[in-house]
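Structure first, then comments.
Below, each value reflects all heavy atoms present in this structure, side chains not excepted, and no hydrogens, waters or symmetry copies. The model shown is predicted, which means the values in this text are computed figures rather than measured ones.
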Amino acid sequence: MTPEQHAEVEAAMRSFWEVRSKARDAQTSRGVAEPGERAGVTAGGHLDHVAHMLANACIAAGAAPTNVYYKAPKEVTDSSVVAPGSISPGFTLPGFYRPTKMWDVVVRANKRPIVAIELKSQLGPSFGNNANNRAEEAIGTATDLAKAVKNGLLPEMPWIGYVYVIEDDPASNEKSSGKRDRILHPKDEIFNKTSYQDRVRILCRRLKEERVYDNTWAIATKRPYCPNEHATKSVKESTPCSYFTKKFKDRNHVHEFGFKELDQELIGYSGFIDSLTAVVRHHCSLDRKENHFRENWDPRAPTLYDQTE
């Protein structure tokens, strides 16, 4: 990751937490109480800055801003992007097992999609409830799109990418072999003594290696604030911080922002961007050539057939 890329990712990860914190505070001020971190999830927008960062990379690679579709963060006022909370047909693609799917970032060239990116996040303290769901969603989304292309619902298969953001905390780092008494057949040994972060790493590596997605990026980020830092004393006593669960009660109560890539070499940001922008440059170059030919075509100009005897 270059210093410039590091700064971009840091800004996006900080915004990820800021949006969630503001959403939770807004609901609290309105008297809306949702369990755990659900308020930050239901309000949405926490991955908009990640989408914005990836969209900017595509534009820098040559994509026309009006052909890059994503949900813009609230502070972005460029009229060429989709406003916060709005739904655009630009990033909605047809499915086969379902009618449509709204992707998080879609790039188009010559009136067809050339890039589609799916963004997912997972926060603690209860990672087990969503870990398998994330894998099923990732596989199903890619399979659905491929089947739609095969059945002529899209002219060709776009480059597809998958991004996974997971909270870096004691629960996601805890190694476990799972409950062996729940299965009749041995599972893949790669999952023995793994943490939830390890499972994300394995998922994203295999999605790429098996060509389910063209490229993937997995990143873990630390929460910069205590979930209960603005709560009253009575709330703090009745709803302790997730770091003070029974399993981790002896861990230090420290919240400090940070992030790390789960496999910088194979599923890192730099490789993801290189692969993404190479596709954009290729298609946008062809698109410009086709537009130039259409705009400058002279029907009176002699053709190869006119010059033959």
Mind checking salt bridge (charged side-chain N to carboxylate O under 4.0 Å, His left out) for Glu209 and listing every partner two or more places apart, or none if nothing turns up?
->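 Glu209: salt bridge (charged side-chain N to carboxylate O under 4.0 Å, His left out) contacts with Arg205.
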Salt bridge (charged side-chain N to carboxylate O under 4.0 Å, His left out) against Glu118, all qualifying residues, sequence neighbours excluded =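 Listed in chain order: Lys101, Lys120.
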Please list all pairs passing the salt bridge (charged side-chain N to carboxylate O under 4.0 Å, His left out) test where one or both residues lie in residues 151-160, with sequence neighbours left out.
->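 For residues 151-160, and leaving out neighbouring residues, the salt bridge (charged side-chain N to carboxylate O under 4.0 Å, His left out) pairs sorted by first residue read Arg112-Glu156.
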I'd like to know if [X] pairs up with [Y] as an ion pair, taking the criterion as any Lys NZ or Arg NE/NH1/NH2 lying under 4.0 Å from an Asp or Glu carboxylate oxygen.
{"X": "Glu167", "Y": "Arg223", "result": "yes"}
{"X": "Glu10", "Y": "Arg14", "result": "yes"}
{"X": "Asp144", "Y": "Arg98", "result": "yes"}
{"X": "Lys208", "Y": "Asp263", "result": "no"}

Contacts of Ser195 that satisfy side-chain hydrogen bond (donor to acceptor under 3.5 Å, both in side chains) - sequence neighbours left out =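 By the side-chain hydrogen bond (donor to acceptor under 3.5 Å, both in side chains) rule, Ser195 matches Asp198.
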List for me each residue that meets ring-ring contact (aromatic ring centres under 6.0 Å, His included) alongside Tyr269, sequence neighbours excluded, and say none if there are none.
->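 For Tyr269 the ring-ring contact (aromatic ring centres under 6.0 Å, His included) partners, ignoring immediate neighbours, are Trp217.
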Is it the case that one hydrophobic cluster holds both Leu276 and Leu266, taking links as side-chain heavy atoms less than 4.5 Å apart, direct or via other members?
->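 No, because Leu276 and Leu266 fall into different hydrophobic clusters, even though each may have its own neighbours under 4.5 Å.
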Aromatic contact, Phe272 with Trp159 (centres under 6.0 Å) |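 Ring-ring flag for Phe272/Trp159: true, centres closer than 6.0 Å.
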Other hydrophobic cluster members with Phe96, side-chain heavy atoms of Ile/Leu/Val/Met/Phe/Trp/Tyr under 4.5 Å, chained?
->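 Hydrophobic cluster check, Phe96: joined to Tyr97.
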What distance do Asp214 atom CG and Leu207 atom CG have between them, rounded to the nearest 0.5 Å?
->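 These two atoms lie 11.5 Å from each other.
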Parallel, tilted or perpendicular: which fits the ring planes of [X] and [Y], with parallel below 30° and perpendicular above 60°?
{"X": "Trp17", "Y": "Tyr225", "value": "perpendicular"}
{"X": "Tyr164", "Y": "Tyr162", "value": "perpendicular"}
{"X": "His46", "Y": "Phe16", "value": "perpendicular"}

Check: Ala63 main-chain N/O paired with Asn67 side-chain donor or acceptor under 3.5 Å |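 Absent.
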For the residue pair Val280 and Val115, what are the closest heavy atoms and their distance?
->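 Minimum heavy-atom contact is CG2-CG2, 4.1 Å.
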